[in-house]
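Beneath this line is the structure, given in structure tokens, with notes to follow.
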2 protein chains.
Amino acid sequence: MQELIEVKALIESAVQKKEMLIVLGDCFVEYWGRAASKLGRGRRMLLIKADGSFAIHQNKHLRPVNYMMNASISCSLNKGNELEVIALKRNPKESLKAVFYSIDFIKSFELEDKHDLRLFGSEAELSKQLSEDLDFIEPGLKPLKKEQHVKKGTIDILAEDRQGRIVVVEVKRRKASLDSVSQLHRYAEELKKIKSRETRGILLAPSITDSAHSLLHDYGLEFFKLDFEIGNPSAKIKGLEKKQKRITAYIEKKHQAE
Amino acid sequence: MQELIEVKALIESAVQKKEMLIVLGDCFVEYWGRAASKLGRGRRMLLIKADGSFAIHQNKHLRPVNYMMNASISCSLNKGNELEVIALKRNPKESLKAVFYSIDFIKSFELEDKHDLRLFGSEAELSKQLSEDLDFIEPGLKPLKKEQHVKKGTIDILAEDRQGRIVVVEVKRRKASLDSVSQLHRYAEELKKIKSRETRGILLAPSITDSAHSLLHDYGLEFFKLDFEIGNPSAKIKGLEKKQKRITAYIEKKHQAE
DNA sequence: GCGATCAGCGGCACG
DNA sequence: CGTGCCGTTGATCGC
């Protein structure tokens, strides 16, 4: 338990020095901006980081109950027995106010950290690997372009099949849902207009929900099951190694299409 | 700086007592599960909460760099000079390991907190208010049902216009984008089939992107501007001012009342 | 448990 | 800047 005037100084110092600041105490929180919220009095943690991210954490959930990123932070004493910590932002205009009635703990830390996360198995990574060789989907499928920006979105992989038809490939790293199908539908329809050529759309995902598959069928699109292994920089896509698998995969695809 | 054996005991005790646990130190982090990641050695904060949420925070960003929710947490000493804190989960199987080489700070807190966030201005709330009286969109528009579950999603508001046509209304609390249009398109198409009646689709949002508006037009759907920004109402559509004021007033009133 | 959707989504990359 | 879209999305609610 500390004097609030001291706490105020500590907060201002930490913010100025861009240290990670941890404050625990009894507080009330109010937000006004993109929406509005109130959080009745209780004990929580306030976490302020170097980049101005401001977060109130309850003792549950991964995400903060109230937050603001890139905030301008200030604090002031109220009536001598309340400490207001305020985060402000504009465009859109937002304000987040935490009123502390008592402080259980406060400390700031300079955290030396040179490394950033290296993530493997992202959709971009999968897409890149896939686009190098599309034969596993069907023989003669030629990649034309990846990350093609069109008016109605960004196409993961653009290809051409043996019959010279345009093929739009949408890659999903997890089970495909209705929105994935809608997405592919948008791209396929736009390309059909642009190229005025026969156009196919293939959804590449580890699995798909029933309703999504039904919608896919309605739209005349195709599903291709994509099994992949993750965990290292050269994550393998099952079926790429064994040529034999192509035939099986092709048959499976035909079967799925029905 | 503390002995790692003590730290281990503190962690286990905090987890057992479901206290909020804060650990700062020099660590390396590795994740394996839905994807895979590695984070080279550096100083960060480990935050463990009562519900088993496990988060590694760098001194930037709102979100943790590595995390797991609902984790089973354990720790062990490695070679006497490393402390491994491990979070495990199954379905899907995931593992997150933080190896600490030194500890800058560790403390756990029992946080008494009786209140939950009360949020105003959510889409559900807006939708509820709107559905009570749809005349502001056009005279004679009668609400039939809200939160109607159909195969291809959940329809915000279902209504009937003066000509007896089915009207699907999709409400968005922020600027409508391509996916909002696709969503509405899905619902409208499905209802068209089910009811075998003429069907309209109206997208209700504060604004819409150009490409989304273009797609909306292609699909034969309609856009209706609804600016409900809290504390910043700007009525530009005739006949909408009253309704907007009502909504804004409602939210403000509710906010004040709490 | 899966499925669908919202979120004050956050964060990134490209125009 | 906005627009689009992925995310180890998380969190909620309905079935």
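First the proteins, then the strands, lettered A, B, ... as listed; each starts at 1.
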Given atom [atom1] of [X] and atom [atom2] of [N], what is their separation to the nearest angstrom?
X: F54(B); N: dT8(D); atom1: CZ; atom2: C1'; value: 14 Å
X: I56(B); N: dT8(D); atom1: CD1; atom2: C1'; value: 14 Å
X: D156(B); N: dA7(C); atom1: CG; atom2: C1'; value: 14 Å
X: E125(A); N: dG7(D); atom1: CD; atom2: C1'; value: 15 Å
X: N91(B); N: dG3(C); atom1: CG; atom2: P; value: 12 Å
X: Y31(B); N: dG7(D); atom1: OH; atom2: P; value: 12 Å
X: E94(B); N: dG7(D); atom1: CD; atom2: P; value: 14 Å
X: L184(B); N: dT5(C); atom1: CG; atom2: P; value: 12 Å

Query raised in the report: Just checking, any donor-acceptor pair under 3.5 angstrom between side chains of Y31(A) and E94(A)?
Result: yes
Query - Side-chain (Y187(A)) to main-chain (K152(A)) donor-acceptor, under 3.5 angstrom - result: no
Query - D51(A) (side chain) donor-acceptor with H61(B) (main chain) under 3.5 angstrom - result: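 Yes: the side chain of D51(A) pairs with the backbone of H61(B).
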Salt bridge flag under 4.0 Å for residues [X] and [Y]:
X: K192(B); Y: E190(B); answer: no
X: K146(A); Y: D156(A); answer: no
X: K38(B); Y: E30(B); answer: yes

Would a 4.5 Å heavy-atom cut-off, applied to side chains only, mark [X] and [Y] as touching?
X: L46(B); Y: I22(B); answer: no
X: K49(A); Y: L111(A); answer: no
X: I157(B); Y: S127(B); answer: yes

Query - P atoms of dG4(D) and dT8(D), separation to the nearest Å - result: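 Rounded to whole Å, the distance is 22 Å.
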Query - Rounded distance in Å between the P positions of dG8(C) and dC5(D) - result: 22 Å
Report task. Report, as a single string ordered 5' to 3', how protein heavy atoms within less than 4.0 Å touch nucleotides 9-15 of chain C: B base, S sugar-phosphate only, - not at all. Result -> BSSS-SS
Query raised in the report: Under 4.0 angstrom, heavy atoms only, what part of the nucleic acid is V65(B) near: base, sugar-phosphate, or nothing?
Result: base
Shorter than 3.5 Å, N or O on both sides, protein versus nucleotides 3-5 of chain D: list them out with atom names.
unit_1	atom_1	unit_2	atom_2	d
dT3(D)	OP1	K175(B)	NZ	3.2
dT3(D)	OP2	K175(B)	NZ	2.7
dG4(D)	OP1	S211(B)	OG	2.2
dG4(D)	OP2	S177(B)	OG	2.8
dG4(D)	OP2	T209(B)	OG1	3.4
dC5(D)	OP1	T154(A)	N	2.9
dC5(D)	OP1	Y187(A)	OH	2.4
dC5(D)	OP2	R186(A)	NH2	3.0

Requested in this report: Mark yes or no for a side-chain to base donor-acceptor pair under 3.5 Å between N66(A) and dG8(C), with no hydrogen or angle criteria applied.
Outcome: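 Per atom types, the contact qualifies.
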